[in-house]
Amino acid sequence: MEEAVYGNEKQIKRKQRIRLAIVYALVVFFAIFIIIPFYWMILTALKSYDQVFRSPPLLWVSPANWQFANFSAALEQAPFLRYTVNTVVVAVISTLGTIITTVLSAFAFARLNFKGRDVLFMILIATMMIPGEIFVITNFLTVVRFGWIREQTYLDAILAMTVPFMTSVFYMFFLRQAFKQVPDELYYAAKVDGKTDFQYLWRIMVPVALPTITTITILNAMNTWNAYIWPRLVSQQVRFQLVSNGLRDAFDDTAGVIMYHEQMAAALIVTVPLIIVFIMLKKYIMRGVSRSGIKG
Amino acid sequence: MLEEQQNIKSWFYLAPALILLSIFIFYPIFNAIFLVFVKDFNYLQGTHDGFTLTENFRYVLRDPNFSMAMLNTMLITFVSVPLSVIIALLISVWLNAIPVKKIQGFFQTVFFLPYVTNAIAIGMAFAFLFNQYYGLINWFLGLLGISPINWVGMGASWGRAMFSLLVYITWLGLAFKIMVFLSGLQGIDKQYYEAARVDSASRSRVFKRITVPLLSPMIMYITVTSFIGAFKAYTEVIGMFGERLGPAGDDRSMITIVALVYDALDRSGVPGALSEAAAAALILFAVTLVFTFVNLQVSKKRVHY
């Protein structure tokens, strides 16, 4: 009897172990599927001309033969370091602007009472439904009218790329949720202490919402890194471009055969900073993404 | 008095955001409606040649690229969204079943990588993966005895180019969905699974009867936002095919609705071009609205809150 029970348990254990093995196998299989494009990018970036244009392709190149010269060749194709600086400048300015405007307005929506608050908030939320393309058309005309396009200086280009993105209804909504979690008692206590609303916002609300602000910063910076359409539309000189535009323009096959090893080296130069940032700030990014998903 | 004060103060806090929103969101909405109903608008002079109800829409609909753009956009949406939602759901369930937290964390990072890459850079990598002679895909197919296929190169057929594009877009969409589903799964009370174990319910039954229903609000959210996102596909096409929007020799065969908007915008100096852009954008908006509405109707019946 005891033996039978024991045997049964063993069987269940074995079944579980097989199940786990299958789970691992499936996860590894899909992980490989995810990794392959990255591997291919890195491998190609390290191949020589002869190795790239070889059929069937080489699946591995020994480290002794890695062609780091591809990276300098890629940098000669286009000033990617300059594009990176431009992108960082745009990301920093637009993120700072976004955080200032959204913190202030989210505070008003979360904490202050004013006429028409809920109606206004509903209207703002409704605009999130509208595809950005509808705004882009007029925004382009607006930045032209602001004088940021014709005879464009670097400052003009930066303004055109940042000012239209210095606020966001989505982040406002996101921050309002964070602010709402601060108990009302703190607000009244601060009032009794003679603190102004602004002091309260700065000393209490902002520190409490810091994780959300961090998340917004990261998401916003990543958006800038990926921005393609708007910068292409408004940057009038090659040297004002951002990384995505620079990368695409430098390696279009309209100019003939693509030097894939140089193209992939450039792609790697553009990709690596983001991955480094991601690995450093993994916790915040993942939290931000899962939270922005839960909001629905 | 005090109320009045709070009112005024509130508007000060709102002012920076509201000023920007008025210029870059509210005004453009009204202006788009204006643009779509005027004839031959010339933005350099700010003049137009009277009003029209349908001409700009008709112009877009008659554009030989329009039906192609609509077909491509629909295909991208209705293939890549369901596919990536299902695959992401499965992967996140498997990930969640990994008992060792460190290993789970490692794979989580791997699956998240596509989210933090540049869509242009990785699109280029995909284009080279699909290269007829030097790509990895055809090497692999070669192992199975399939001779090299021209996926994205000069003269590639529409179907093959679209297949490659769909693989890329599906791949790109997985990361975000996996993260959202995984965080949802980790929020499910373990009691449900304990109860199912006591009842010795089968795995697939547990998945169908517990996991999916409890995750349904998130599945819904992801599906709706992914649909909206997929209708706007454009950068992915540029990443893989460049500004040509198609394989060499078959320019614009991968064109999407958003691409129509930007095509028209590129001709902004031509009278009427901006109105076409506005018409295309409003058509996109209408399509998005209809499908969001349908999605929400379906979810009313299916989603368990």
Inset, instruction - Under 4.5 Å heavy-atom distance to chain B, tell me which part of A/Phe146 shows up: side chain, backbone, both or neither. - result: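 The side chain, not the backbone.
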If I measure from the heavy atoms of chain A, does [X] come under 4.5 Å with its side chain, its backbone, both, or neither?
| X | value |
| --- | --- |
| B/Tyr168 | neither |
| B/Val110 | both |
| B/Thr225 | neither |
| B/Phe26 | side chain |
| B/Thr235 | side chain |
| B/Leu35 | side chain |

If you define the side chain from C-beta out and look only at heavy atoms, does anything of [X] sit under 4.5 Å from [Y]?
| X | Y | result |
| --- | --- | --- |
| B/Pro16 | A/Thr167 | no |
| A/Arg248 | B/Met124 | yes |
| B/Phe140 | A/Ile36 | no |
| A/Pro37 | B/Leu129 | yes |
| A/Leu104 | B/Phe12 | no |
| B/Leu21 | A/Met172 | yes |
| B/Tyr134 | A/Leu58 | no |
| B/Leu18 | A/Leu120 | yes |

Tell me which of these, [options], has more heavy-atom pairs under 4.5 Å with chain A than the rest.
| options | result |
| --- | --- |
| B/Phe285, B/Trp139, B/Tyr133, B/Phe128 | B/Phe128 |
| B/Ile238, B/Val258, B/Leu95, B/Leu174 | B/Ile238 |
| B/Val93, B/Leu136, B/Leu265 | B/Leu136 |
| B/Tyr43, B/Phe181, B/Trp94 | B/Trp94 |
| B/Pro28, B/Pro148, B/Pro99 | B/Pro28 |
| B/Thr117, B/Asp266, B/Ile98 | B/Thr117 |

Legend entry - Derivation of the side-chain contact (heavy atoms from CB on, under 4.5 Å) call for A/Phe278 and B/Tyr115: CA-CA 10 Å; A/Phe278 167 61; B/Tyr115 189 73; over 6 Å; no
Inset, instruction - Check whether the ring centres of A/Phe135 and B/Phe24 lie less than 6.0 Å apart, and answer yes or no. - result: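 Ring centroids of A/Phe135 and B/Phe24 are no less than 6.0 Å from each other.
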So how far is it from [X] [atom1] to [Y] [atom2], rounded to the nearest 0.5 Å?
| X | Y | atom1 | atom2 | value |
| --- | --- | --- | --- | --- |
| A/Ile130 | B/Ile25 | CD1 | CD1 | 8.0 Å |
| B/Ile178 | A/Ile34 | CD1 | CD1 | 6.0 Å |
| A/Met128 | B/Ile228 | CE | CD1 | 10.0 Å |

Legend entry - Trace of the side-chain contact (heavy atoms from CB on, under 4.5 Å) decision for B/Tyr262 with A/Glu133: CA-CA 8 Å; B/Tyr262 291 110; A/Glu133 282 63 36; 3.4 Å; yes
Inset, instruction - Consider only side-chain N and O atoms of A/Asp197 and B/Tyr13, and report whether a donor and an acceptor are under 3.5 Å apart. - result: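 There is no such pair between these side chains.
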Legend entry - Non-hydrogen atoms of B/Ala125 and A/Met264 that approach each other most closely: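 That closest heavy-atom pairing would be N-CE, 3.5 Å.
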Taking atom [atom1] of [X] as the centre, report whether more than 12 heavy atoms of other residues, nucleotides or ligands fall under 6.0 Å from it.
| X | atom1 | value |
| --- | --- | --- |
| A/Lys191 | NZ | yes |
| B/Met154 | CE | no |
| A/Arg19 | CZ | yes |

In terms of heavy-atom pairs under 4.5 Å, which option from [options] contacts chain B the most?
| options | answer |
| --- | --- |
| A/Val23, A/Asn139, A/Thr271, A/Thr101 | A/Asn139 |
| A/Trp225, A/Phe140, A/Phe165 | A/Trp225 |
| A/Ile275, A/Ile22, A/Asn113, A/Val144 | A/Asn113 |
| A/Phe30, A/Phe33, A/Trp40, A/Phe114 | A/Trp40 |
| A/Ser168, A/Pro273, A/Gly97, A/Ser244 | A/Ser244 |
| A/Ile35, A/Leu112, A/Thr127 | A/Leu112 |

Inset, instruction - Step by step, work out the side-chain contact (heavy atoms from CB on, under 4.5 Å) result for A/Phe109 and B/Leu14. - result: CA-CA 9 Å; A/Phe109 280 121; B/Leu14 290 170; 3.6 Å; yes
Legend entry - Verdict with reasoning, B/Leu282 to A/Ile134, per side-chain contact (heavy atoms from CB on, under 4.5 Å): CA-CA 7 Å; B/Leu282 283 173; A/Ile134 289 184; 3.7 Å; yes
